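What you see is a predicted model; the values in this text were computed from it and never measured. Convention: sequence-line order gives letters A, B, ...; per-chain numbering from 1.
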Number of protein chains: 2
Amino acid sequence: MISGKFAITIHILTLLTKFPDEYLSSEFIAGSMNLHPVLVRKEIANLKKNNIVESKEGKNGGTKLLKSASNISLDTIFKMTFDTVTLGFSKNTPNPNCPVGKKINENLENLYENINEKISLQLSGITLENFSNQF
Amino acid sequence: MISGKFAITIHILTLLTKFPDEYLSSEFIAGSMNLHPVLVRKEIANLKKNNIVESKEGKNGGTKLLKSASNISLDTIFKMTFDTVTLGFSKNTPNPNCPVGKKINENLENLYENINEKISLQLSGITLENFSNQF
DNA sequence: TCATACTGTAATAAAATATATTACAAATAT
DNA sequence: ATATTTGTAATATATTTTATTACAGTATGA
């Protein structure tokens with residue numbers, strides 16, 4: 001299902017790209033987003049799990065990129081922050097006694113899968129460097 | 001923002017396609033979806049506004065397609081039921097004093113717009129008839 | 001013409017999800 | 001040591017989605 005994680009994560013990464021040699025604190029990042037530092041740290045946890053950033057605890061700690069922005073594609077971020085784009089309707093439990101109800105989920109899922117592939121394909125052509133250069 | 005409207009609307013239309021000559025009641029349709037009839041009627045109101053279905057009030061009333069399923073593309077439904085797919089984060093009010101915060105919304109919106117175009121393009125190649133034939 | 005079976009729609013409630021906050025342990029620079 | 005920062009769990013608030021209630025209006029046909 002859709003969430004704001006993608007947008008938040010892209011924002012974090014854009015900042016990290018602009019200061020590739022510094023450890024940025026979650027408070028600094030949160031300040032750029034008008035967001036709570038804990039949310040930033042949660043997304044950073046996800047980025048760490050995916051080996052995109054590293055972070056340092058303690059005083060003067062913070063987070064920095066683990067690899068060059070030119071080697072990070074937006075598709076990676078997309079996949080990291082979504083299960084799939086579904087066009088909605090999580091609680092879809094149709095009537096199994098209806099021929100349409102019985103197969104609707106399967107058919108919608110196929111459709112969504114195709115959509116997700118298209119989105120992935122498009123995003124795989126955009127690097128974090130590309131995106132960050134717009135700022 | 002994403003919603004279940006697309007899925008609900010597709011489900012309604014699939015049923016209408018299967019019974020193109022009958023007026024189906026919102027209760028019958030809701031029964032196939034395990035959904036409240038009022039929600040169905042709301043989406044039907046939207047379909048009517050877009051001249052895709054007509055409905056008849058009163059006893060034996062209901063809803064039927066106004067045109068052939070082969071002349072209705074899923075892209076039309078997509079555009080009818082979404083503003084845009086945004087990948088989230090409605091309450092995005094970043095810090096205007098930060099160079100990144102200042103431009104992030106504009107840049108994300110561009111990205112989303114491109115994604116929406118790709119989705120549209122793909123869905124425009126699928127008719128309601130195509131979709132319904134899977135059942 | 002009246003009972004019945006529908007649609008249409010507004011108002012409200014409940015549930016689900018997303019976002020924000022609090023709290024505090026653990027780490028590290030100075 | 002102290003100050004500053006991350007990490008994370010627990011909880012609270014806000015927002016969005018979905019469901020329900022209520023009832024007026026309309027057509028059908030006995």
Side-chain angles (χ1 to χ4, degrees), chain A residues 1-9 11-12 15-16 19 22-31 33-50 53-64 66 81-95, chain B residues 1-9 11-12 15-16 19 22-31 33-50 53-64 66 81-95:
Chain A
M1 189 48 194
I2 293 284
S3 81
K5 289 180 179 185
F6 178 80
I8 293 172
T9 302
H11 195 139
I12 293 169
L15 288 168
L16 296 179
F19 303 94
E22 294 176 43
Y23 285 93
L24 301 185
S25 76
S26 64
E27 185 145 356
F28 172 82
I29 295 171
M33 314 179 68
N34 248 323
L35 210 69
H36 203 279
V38 169
L39 290 182
V40 172
R41 297 210 282 271
K42 267 184 198 155
E43 297 318 316
I44 284 174
N46 195 18
L47 285 163
K48 279 170 63 181
K49 207 170 63 194
N50 287 276
V53 305
E54 60 168 327
S55 53
K56 203 172 67 173
E57 293 186 37
K59 193 170 179 180
N60 298 332
T63 302
K64 72 195 270 296
L66 256 184
T81 52
F82 285 86
D83 302 329
T84 49
V85 171
T86 62
L87 309 187
F89 211 34
S90 44
K91 188 197 165 194
N92 195 352
T93 53
N95 184 345
Chain B
M1 191 48 196
I2 293 284
S3 81
K5 290 180 177 185
F6 178 82
I8 294 172
T9 302
H11 195 140
I12 293 169
L15 287 167
L16 296 179
F19 303 94
E22 294 177 42
Y23 285 92
L24 302 185
S25 75
S26 62
E27 186 145 355
F28 173 81
I29 294 171
M33 314 178 69
N34 249 321
L35 211 69
H36 204 278
V38 170
L39 289 183
V40 172
R41 297 210 282 273
K42 265 182 198 158
E43 296 317 317
I44 284 173
N46 195 20
L47 285 163
K48 281 171 61 182
K49 208 170 61 192
N50 286 274
V53 305
E54 62 168 328
S55 53
K56 201 171 69 173
E57 293 185 37
K59 194 170 179 177
N60 300 330
T63 302
K64 72 194 272 297
L66 257 184
T81 52
F82 284 87
D83 302 329
T84 49
V85 171
T86 62
L87 309 188
F89 211 36
S90 44
K91 189 198 164 193
N92 194 353
T93 53
N95 184 345

>> Could you tell me if the side chain of Met33(A) sits less than 4.5 Å from the side chain of Ile12(A), heavy atoms only?
In response: yes
> How long is the line joining CD1 of Ile29(A) and C1' of dT5(D), in whole Å?
Replying inline: 12 Å
> Taking atom C1' of dA19(D) as reference, at what distance in whole Å does atom CD of Glu27(B) sit?
Replying inline: 15 Å
> If you check every side-chain atom of Leu35(B), which of dA19(D), dT9(C), dT8(D) has the closest atom?
Replying inline: dA19(D)
> Taking C-beta and beyond as the side chain, do Glu22(B) and Lys64(B) meet within less than 4.5 Å on heavy atoms?
Replying inline: no
>> Under 4.0 Å from OP1 or OP2 of dG7(D): is there any side-chain N or O of Ser55(A) that close?
In response: yes
> What does Thr63(A) touch in the nucleic acid at a heavy-atom separation under 4.0 angstrom: a base, only the sugar-phosphate, or nothing?
Replying inline: nothing
>> Using the side-chain heavy atoms of Ser26(B), tell me which of these nucleotides is nearest: dA20(C), dT7(C), dT8(D).
In response: dT7(C)
> Starting at CZ of Phe6(B) and ending at P of dT17(D), how long is that distance when rounded to a whole Å?
Replying inline: 16 Å
> Under the criterion side chain to side chain contact (heavy atoms under 4.5 Å, CB included), which of Leu35(A), Ile8(A), Leu39(A), Leu24(A) is the partner of Ile29(A)?
Replying inline: Leu24(A)
>> Taking Lys42(A)'s backbone N and O only, do any of them form a donor-acceptor pair with Asn46(A)'s side chain (distance below 3.5 Å, no angle check)?
In response: no
> Roughly how many Å is it from NZ in Lys42(B) to P in dG8(C), rounded to a whole number?
Replying inline: 13 Å
> Just wondering, more than 12 heavy atoms not from Glu54(A) lying within 6.0 Å of its CD?
Replying inline: yes
>> How many whole angstroms separate atom NZ of Lys49(A) from atom P of dT6(D)?
In response: 19 Å
>> So, using side-chain hydrogen bond (donor to acceptor under 3.5 Å, both in side chains) as the criterion, who are the partners of Asn60(A) when residues are at least two apart?
In response: none
>> Rounding to an integer number of Å, can you tell me how far Tyr23(A) OH sits from dT5(D) C1'?
In response: 13 Å
>> In whole Å, I'd like the distance from the CD atom of Glu43(A) to the P atom of dT6(D).
In response: 15 Å
>> Would you compute the distance between atom CG of Leu66(B) and atom CG of Asn50(B) and round it to the nearest 0.5 angstrom?
In response: 11.0 Å
>> Can you build the contact string for nucleotides 22-30 of chain C? Use B for base contact, S for sugar-phosphate-only contact, and - for no protein heavy atom under 4.0 Å.
In response: B---BBBBS
> How many Å lie between CG on Leu16(A) and P on dT6(D), as a whole number?
Replying inline: 11 Å
